[in-house]
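Structure first, then comments.
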Amino acid sequence: MPVVSVEEDPGPPSSVPPLRVAVVGAGPAGIYAAEALTRQDDVPVAVDLLDRLPTPFGLVRHGIAPDHPKMRAIRDTLHRALDHPSVRFVGNVEVGRDLDCADLARTVDAVVYTYGAALDRHLAIPGEELPGSLAATDLVAWYTGHPDADRARVEAALAGARSVVVVGVGNVALDVARVLARTPAELEPTDMPQHVLDALAAAPVGSVTVLGRRGPAHATFTTQELRELDELAQATVLVDPADLELDPAAEERAAADRVVSRNLAVLREWAGHTLEPGRTPLRLRFYTRPVRLVGEERVTGVEVERTVVDAEGRASGTGELEVLPADLVVRSVGYRGSGLPHLPLDERRGTVPNEGGRVLRDGQRAPGEYVAGWIKRGPTGVVGTNKHDARETVAALLEDVAAGVLRPGRGGGDDLVSELRANGADPVLLEDWRAIDAAEVALGATRGRARTTLHEWESLLAAVKEAAARAR
Ligand SMILES: Cc1cc2nc3c(=O)[nH]c(=O)nc-3n(C[C@H](O)[C@H](O)[C@H](O)COP(=O)(O)OP(=O)(O)OC[C@H]3O[C@@H](n4cnc5c(N)ncnc54)[C@H](O)[C@@H]3O)c2cc1C
């Protein structure tokens with residue numbers, strides 16, 4: 001019988017301590033990373049899924065438009081990963097405030113950063129900071145009930161909003177245009193907070209204009225999202241047929257890309273629309289870029305310039321200027337990621353430098369640090385894109401375990417939640433989130449709705465405390 005030393009004997013599988021992994025951000029990328037970690041048998045894991053909010057799901061809760069209930073229902077699928085016994089949801093904990101990356105490195109064996117890309121990009125034109133000028137991130141945070149939304153600023157901007165201009169031709173721009181053009185009856189079945197429904201119902205929106213600086217062949221919206229604009233109860237989509245005349249480069253682009261050719265077919269159907277009295281015009285204007293927001297106390301208009309687009313798809317101004325009336329301007333020109341203390345950031349791209357999900361520090365792989373989702377690849381793709389992305393990252397992590405770069409016990413610290421509590425943080429766990437969930441459903445029921453989103457820190461945390469008090 002061979003003699004096996006104690007060090008060499010791996011022991012029965014149950015005695016192997018799990019690899020302790022902290023995932024920072026419980027949006028789709030974080031949840032898919034947790035799922036990928038628990039769906040393999042090679043390495044036992046214990047995952048702490050941290051989020052600064054007391055609620056999971058990231059932009060599925062605070063991004064996807066509330067009038068897209070089927071899309072928002074993806075949270076039911078995401079919830080399955082949260083229910084896994086090896087996954088612990090730890091909400092109300094912000095990395096950078098309650099603990100930092102160095103604390104995490106000391107406590108757990110590996111960290112997967114999935115904290116998204118929440119900052120908005122600017123137009124960098126005069127007047128952009130005037131009251132009445134908002135980023136889509138501000139408006140979306142408000143209408144989805146994000147507890148950090150600047151309610152006073154958004155509602156002040158909406159209160160006088162007759163003519164709305166939305167800058168940008170991606171899906172988020174269309175979400176914003178659609179939500180603003182909907183009737184109160186169309187929005188009533190959503191889970192928007194009541195004050196959002198009330199403010200939107202009271203806003204005097206009489207026209208919505210969406211601006212694209214390039215032509216329709218360069219718009220990034222998807223055909224399904226585009227088509228929906230024509231299904232609104234009170235709004236009529238208007239498109240200038242002249243904007244749909246394509247140059248040879250744009251024709252080529254349309255021939256090569258099915259989404260572009262489908263979008264063009266939809267836009268051409270609409271080019272014949274006329275506006276009936278009493279309906280809200282929802283104009284799509286291409287080859288138009290804003291050069292200045294006009295106004296003294298608040299926005300009263302947008303000065304725009306006609307553009308031409310070259311064969312490489314670059315837009316340049318023609319000098320042909322015009323002022324469009326606007327009381328509310330919403331810019332929707334992209335998101336970007338920000339840094340966390342002690343974590344590298346590529347400032348230009350707004351992402352954490354990485355190689356297939358392994359964080360790079362000064363160009364070298366940082367053992368035990370990984371990244372997935374928008375903060376890894378930038379703000380592109382749909383929810384499902386993050387699944388493949390998170391799997392790639394987790395595969396890299398597991399390769400590092402197999403190669404001996406990572407091993408259980410490497411972090412060596414105490415239980416993360418106990419440490420957080422000892423340091424004065426107030427983590428919200430899965431049963432607490434269930435209490436918030438139940439409180440939202442109960443609040444919705446008081447008005448015959450399936451759910452009403454709790455939008456204040458106080459009410460979210462009160463739901464947790466009330467449920468805990470009832471359980472005692
Ligand atoms: C307005 C909007 C509408 C969209 N609509 C759709 C749609 O209809 N369909 C679709 O498929 N896709 C849609 N998307 C895209 C989709 O939401 C993203 O692909 C996806 O959410 C990105 O996932 P993520 O996990 O990388 O980031 P996020 O979803 O942003 O999740 C990041 C999480 O990290 C948390 N966090 C941030 N900082 C910290 C910190 N310091 N400490 C702890 N936690 C932190 C945040 O609270 C958040 O929960 C939309 C995106 C936007 C912006």
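Because the structure is predicted, anything quoted here is derived from the model rather than measured.
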_From Val383, Val394, Thr385, Thr114, residue fulfilling side-chain contact (heavy atoms from CB on, under 4.5 Å) relative to Tyr32_ = Val383
_Exactly one of His455, His62, Glu458 should register a side-chain contact (heavy atoms from CB on, under 4.5 Å) with Pro147. Which one does?_
His62
*asked:* Assess the residue pair Arg331 and Leu134 against the criterion (side chain to side chain contact (heavy atoms under 4.5 Å, CB included)); give the C-alpha distance rounded to whole Å, side-chain angles, the decisive distance to 0.1 Å, and a yes or no.
replied: CA-CA 6 Å; Arg331 62 177 182 277; Leu134 296 176; over 6 Å; no
Does one side chain, of [X] or [Y], offer a donor that lies under 3.5 Å from an acceptor on the other?
X: Thr190; Y: Asp67; value: no
X: Asn263; Y: Arg258; value: no
X: Thr222; Y: Glu225; value: no
X: Glu228; Y: His68; value: yes
X: Asp327; Y: Thr300; value: no

Testing the basics here: between [X] and [Y], what is the closest heavy-atom pair and its distance to 0.1 Å?
X: Gly378; Y: Thr351; answer: N-CG2, 3.4 Å
X: Thr452; Y: Pro193; answer: CG2-CA, 4.0 Å
X: Val24; Y: Val95; answer: CG1-CG2, 3.6 Å
X: Val382; Y: Arg377; answer: O-NH2, 4.4 Å
X: Tyr143; Y: Pro66; answer: CE1-CD, 3.4 Å
X: Cys101; Y: Leu343; answer: SG-CB, 4.0 Å

Taking [Y]'s backbone N and O only, do any of them form a donor-acceptor pair with [X]'s side chain (distance below 3.5 Å, no angle check)?
X: Thr307; Y: Arg213; value: yes
X: Gln234; Y: Gly278; value: yes
X: His146; Y: Asp148; value: yes
X: Arg279; Y: Ala235; value: yes
X: Asp51; Y: Ala26; value: yes
X: Ser133; Y: Glu129; value: no
X: Thr236; Y: Leu275; value: no
X: Trp374; Y: Thr380; value: yes
X: Glu305; Y: Gly319; value: yes
X: Asp230; Y: Arg227; value: no

_Verdict with reasoning, Leu180 to Leu139, per side chain to side chain contact (heavy atoms under 4.5 Å, CB included)_ = CA-CA 10 Å; Leu180 291 173; Leu139 193 70; 4.1 Å; yes
Any ion pair linking [Y] and [X] (charged N to carboxylate O, less than 4.0 Å)?
X: Glu322; Y: Arg285; value: yes
X: Asp175; Y: Arg178; value: yes
X: Asp120; Y: Arg336; value: no
X: Lys70; Y: Asp76; value: no
X: Asp243; Y: Arg306; value: yes
X: Glu188; Y: Arg447; value: no
X: Asp240; Y: Arg283; value: no
X: Asp389; Y: Lys376; value: yes
X: Arg61; Y: Glu440; value: yes
X: Asp98; Y: Arg52; value: no
X: Arg391; Y: Glu35; value: no

Hey, does [Y] have a side-chain heavy atom less than 4.5 Å from the side chain of [X]?
X: Arg449; Y: Met192; value: yes
X: Leu321; Y: Glu303; value: yes
X: Val299; Y: Leu328; value: no
X: Pro281; Y: Leu238; value: yes
X: Leu226; Y: Leu174; value: yes
X: Tyr335; Y: Thr137; value: yes
X: Val93; Y: Leu99; value: yes
X: Asp346; Y: Val352; value: no

*asked:* Which label fits Trp142 and His195: parallel for a plane angle under 30°, tilted from 30 to 60°, or perpendicular past 60°?
replied: perpendicular
*Assign the ring pair Phe57 / Trp433 to parallel, tilted or perpendicular, where the plane angle (0 to 90°) is split at 30° and 60°.*
perpendicular
*Residues Asn354, Tyr370; criterion side chain to side chain donor-acceptor pair (under 3.5 Å); working and verdict*: CA-CA 8 Å; Asn354 73 92; Tyr370 304 86; over 6 Å; no
*Under the side chain to side chain contact (heavy atoms under 4.5 Å, CB included) criterion, do Leu187 and Leu200 qualify, and how do the steps go?*
CA-CA 9 Å; Leu187 296 176; Leu200 287 171; 3.7 Å; yes
*asked:* Could you go through Thr393 and Val112, starting from their C-alpha distance and side-chain angles, then the distance that decides it, and tell me whether this counts as side chain to side chain contact (heavy atoms under 4.5 Å, CB included)?
replied: CA-CA 8 Å; Thr393 296; Val112 185; 4.1 Å; yes
Above 12 or not: heavy atoms from other molecules or residues under 6.0 Å from [atom1] of [X]?
X: Glu456; atom1: CD; result: yes
X: Glu347; atom1: CD; result: no
X: Gln364; atom1: CD; result: no
X: Glu252; atom1: CD; result: no
X: Asp362; atom1: CG; result: no

